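Only one structure is covered here, and it is reproduced in the block below.
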Amino acid sequence: MTDLSAFGPDFPFAYDDWIAHPAGLGTIPAGQHGARIAVIGAGAAGIIAGHELMKLGLDPVLYESGQFGGRLRSETFEGTEDVIAELGGMRFPVSSRGFYHYVDLTGSESAPFPNPLTAAAGSTVIDLEGETLFARTLDDLPELYREVARAYDAALEEGARFSDLQAAMRARNPARVKEIWDRLVSQWDERTFYDFVTSSEAFRKLSFRHREVFGQVGFGTGGWDSDFPNSMLEILRVNLCGLDDNQRYIVGGVEQVLHRLWQLETDCAHWGRRSLAALNGGATRSRVVRIGRDAEGRIAVTDCWGRTDSYDAVLVTCQSHLLTTAIDTDESLFDQKLWMALDRTRYMQAAKTFVMVDRPFWNDIDPVTGRPLLSMTLTDRITRGTYFFDNGPDKPGVICLSYSWMTDALKVLPHDAEKRVDLALSALSHIYPGVDIASHIRGNPICVSWETDANFLGAFKGALPGHYRYNHRMYGHFMQDALPPEQKGIFIAGDSVSWTPAWVEGAVQTALNAVWGIAHQFGGTTAPDNPGPGDLYPLYGPVPLD
């Protein structure tokens, strides 16, 4: 499935081909070289956009309100140099070819992620309603689990012509993709994920227990019941783009990809060989508190220390709700319909709890069962998902005791790190009686609840039924020729603007859309044999709904 994600169904544009083409992303007139662009947010979208804008000869000025890296946040355990907890994005499908372009560019390495029932995990334990099952592959589980897997595959084929769509996407045939996909949008946007499961012919033949197991165990990364209220269009994109398949992690932490890109010297128009860090004096600006127009009509950005600078264009990559909570944003910068979309964007909660342990003791073999002491674990208990990261026999290991979403994440929201660890260890003790995990823990736990972070207010977007129109408005905002003058020059990007929230590829693609839009504003053009997203958007852009 390596050809899918960079060629999505809503706008089938090959982003990976565009950024890898020897002609580059285009050129802008020499008279516009050095024009300053404010980039708000130093996460994946901000750093990638800044890097590409710099290469075009523009001057991107980065602002960051909190921690560099955004939700690509790799926190190092105390006393170590490279034993890390991935608090945000931690698994990256090989289909995310746009993202892996920058992974390769920065010399970063990846390895298979220990998802359930994968060779990287080694073994998996599924614990539901007190019944504990051990498996290495799907074939090791009872027939009910295989019935669930077959039913979901059949439901996708029944309702979405899934194999035809995948074939068109693999062939990179945009006309064929649009022919099939556009007919589905109006029908599927109004449906929840749960409605799709329960109303499909394949699942109607099965019991409630089958649907319950599907919610708890799901496909790919594990249980998906937290997404049951979401629009089925969003889940269908995950399947079509291979986002939940063949996932890898970044060795040493994904945040280093952005740090390396920030420091990477590259050949640029106007600037010569330069890095984004050097262009920014080695550090980002501080938190933005206001965005408006100055007396000359340029966009003025004020930081938390009262410094105001005016720019020819501004790219906003922070979570959309910050534009009405943390940043005093002039309403005239966006159409009211776009404000509706930005404000109605719904973010999901997520919580993780990590501990460092003395060694990867979970690989020890239980002399009674002949199995590893601990396995990647999916359960209906408070931990939901437990993952193990082996850094080698002579180095401390890391256990993600719990990764949970929505209601399960809210259950631990009031609790401090030690209490969260206690709750997780208590839950796991019922699954692995006699295994003393606590005796192996070293240092302090690392936890995150993204909804309590003032710079995020949630983990990632989860579109509800009826939100396609909102997403369309946000995603297509980089096409600004038809906008009134007061709304031009400010752009938005980030995974929550994309069609695939919670996946870094969406941040990459919307960042590249914004780069095209900003370059276009300054009279830039793309090479005839390497058209950009804005060049092909009128032909293959998302289907509008009334």
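Source: prediction; values computed, not measured.
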Exercise for the section: Applying side-chain contact (heavy atoms from CB on, under 4.5 Å), run through L117 and L141 and close with a yes or a no. Expected result: CA-CA 10 Å; L117 302 176; L141 293 171; 4.1 Å; yes
Practice task
Take L72 and F92 through the side-chain contact (heavy atoms from CB on, under 4.5 Å) test and state the conclusion after the steps.
Solution key: CA-CA 11 Å; L72 295 188; F92 307 94; 4.1 Å; yes
Practice task
In sequence, state the C-alpha distance, the side-chain angles, and the governing distance for L87 and F354, and then conclude on side-chain contact (heavy atoms from CB on, under 4.5 Å).
Solution key: CA-CA 9 Å; L87 298 184; F354 289 88; 3.9 Å; yes
Exercise for the section: Carefully, step by step, assess I126 and V213 under the rule side-chain contact (heavy atoms from CB on, under 4.5 Å). Expected result: CA-CA 10 Å; I126 296 174; V213 165; over 6 Å; no
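Between K411 and D408, at least one side-chain nitrogen of the basic residue sits less than 4.0 Å from a carboxylate oxygen of the acidic one, meeting the salt-bridge criterion. Salt-bridge check for D195 with R191: passed, with a basic side-chain N closer than 4.0 Å to an acidic carboxylate O. A salt bridge is absent between E109 and R248: the closest approach of a Lys/Arg side-chain nitrogen to an acidic carboxylate oxygen does not fall below 4.0 angstrom. Taking 4.0 Å as the cut-off between side-chain N and carboxylate O, D17 and R172 count as a salt-bridged pair.
Remark: side-chain polar atoms of R71 are paired, donor with acceptor, to backbone N or O of A459 under 3.5 angstrom. Between the T106 side chain and the R260 main chain, no donor and acceptor come within less than 3.5 Å of each other. Of the possible donor and acceptor atoms, one in the side chain of S74 sits under 3.5 Å from a partner among the backbone N and O of V254. Counting only distance, with no hydrogens or angles, the side chain of K178 and the backbone of N173 share no donor-acceptor pair below 3.5 Å. Side-chain atoms of E64 come within 3.5 Å of backbone atoms of A42 as a donor-acceptor pair (strictly under, hydrogens ignored). With hydrogens and angles disregarded, a donor-acceptor distance shorter than 3.5 Å links the side chain of T510 to the backbone of G494. Side chain of E255 to main chain of G69: no donor-acceptor pair is present (N/O by atom type, distance under 3.5 Å, no hydrogens or angles). With hydrogens and angles disregarded, a donor-acceptor distance shorter than 3.5 Å links the side chain of E505 to the backbone of F99. Formation of a donor-acceptor pair under 3.5 Å by the T317 side chain with backbone atoms of I40 is found in this model. The backbone N or O of Q480 lies less than 3.5 Å from no partner atom in the side chain of Q487, so there is not a single donor-acceptor pair.
Between F228 and F196, a ring centre-to-centre spacing not shorter than 6.0 Å is recorded. Ring-centre distance between F460 and W450: not below the 6.0 Å cut-off. Here the two rings, on F68 and H259, have centers that are under 6.0 Å apart. Taking the six-membered ring wherever Trp is involved, the centroid distance between the rings of Y387 and F113 falls below 6.0 Å. Aromatic ring centres of Y15 and H101 lie farther apart than the 6.0 Å criterion allows.
Side chains of D10 and W181: a donor-acceptor N/O pair is present below 3.5 angstrom, by distance only. With hydrogens and angles left out, the side-chain atoms of S226 and R384 include no donor and acceptor closer than 3.5 Å. Judged by distance alone, the side chains of E157 and S163 do bring a donor and an acceptor atom under 3.5 Å apart. Side-chain atoms of E86 and Y249 include no donor-acceptor pair closer than 3.5 Å. Between the side chains of R420 and S449, at least one donor N or O sits under 3.5 Å from an acceptor N or O. Donor-acceptor pairing under 3.5 Å is recorded for the side chains of S375 and S123. Judged purely by distance below 3.5 Å, without hydrogens or angles, the side chains of Y432 and T377 pair a donor atom with an acceptor atom. Of the N and O atoms on the side chains of N239 and Y152, at least one donor lies less than 3.5 Å from an acceptor on the other residue. At a cut-off of 3.5 Å, with distance as the only test, no side-chain donor of Y468 or S231 sits close to an acceptor on the other residue.
In this structure, the side chains of V398 and I84 stay at 4.5 Å or more apart for every pair of heavy atoms. Side-chain atoms of N115 and R91, non-hydrogen and from C-beta on, do get closer than 4.5 Å to each other. Counting heavy atoms from C-beta outward, D495 and W503 have side chains that stay 4.5 Å or more apart. In this structure, the side chains of F334 and L323 come closer than 4.5 Å at one or more pairs of heavy atoms. Within the 4.5 Å cutoff, side-chain heavy atoms of L233 are placed close to those of R237. Within the 4.5 Å cutoff, the side chain of S95 has heavy atoms near those of the L243 side chain. A 4.5 Å side-chain heavy-atom check between W516 and M479 finds at least one atom pair inside the cut-off. Side-chain contact between Y475 and N513: present, with at least one pair of heavy atoms (C-beta onward) separated by less than 4.5 Å.
A pairwise comparison of heavy atoms in E451 and A350 identifies OE1-N, 3.3 Å as the closest pair. Taking each heavy atom of V497 and N471 in turn, the nearest pair found is O-ND2, 3.2 Å. The shortest heavy-atom contact between R469 and D546 is NE-O, 2.7 Å. Here the closest heavy-atom approach between residue I490 and residue H477 is recorded as O-CE1, 2.9 Å. Residues D535 and G532 approach most closely at OD2-N, 2.7 Å, considering heavy atoms. The shortest heavy-atom contact between H210 and V148 is O-CG2, 3.5 Å.
Taking CG from L342 and CE from M340, the interatomic distance works out to 11.0 Å, rounded to the nearest 0.5 Å. Once rounded to the nearest 0.5 Å, the distance linking OG1 of T325 with CG of L457 reads 5.0 Å. Atom CG of L240 sits about 4.5 Å away from atom CZ of F162, to the nearest 0.5 Å. Between atom CZ of residue F456 and atom OG of residue S65 there is a gap of 7.0 Å, rounded to the nearest 0.5 Å. How far OG of S498 is from NZ of K461: 5.5 Å, rounded to the nearest 0.5 Å. A distance of 13.0 Å separates NE2 in H21 from CD1 in I19, rounded to the nearest 0.5 Å.
Crowding of R344 atom CZ: a count of heavy atoms from other residues, nucleotides or ligands under 6.0 Å not exceeding 12.
In this structure, the salt bridge (charged side-chain N to carboxylate O under 4.0 Å, His left out) partners of R209, at least two apart in sequence or on a different chain, are E129, E212. Residues passing the ring-ring contact (aromatic ring centres under 6.0 Å, His included) test with H51: none are found, sequence neighbours excluded.
Ring-plane geometry between W362 and F388 is classed as tilted, the angle between the planes lying from 30 to 60 degrees on a 0 to 90 degree scale.
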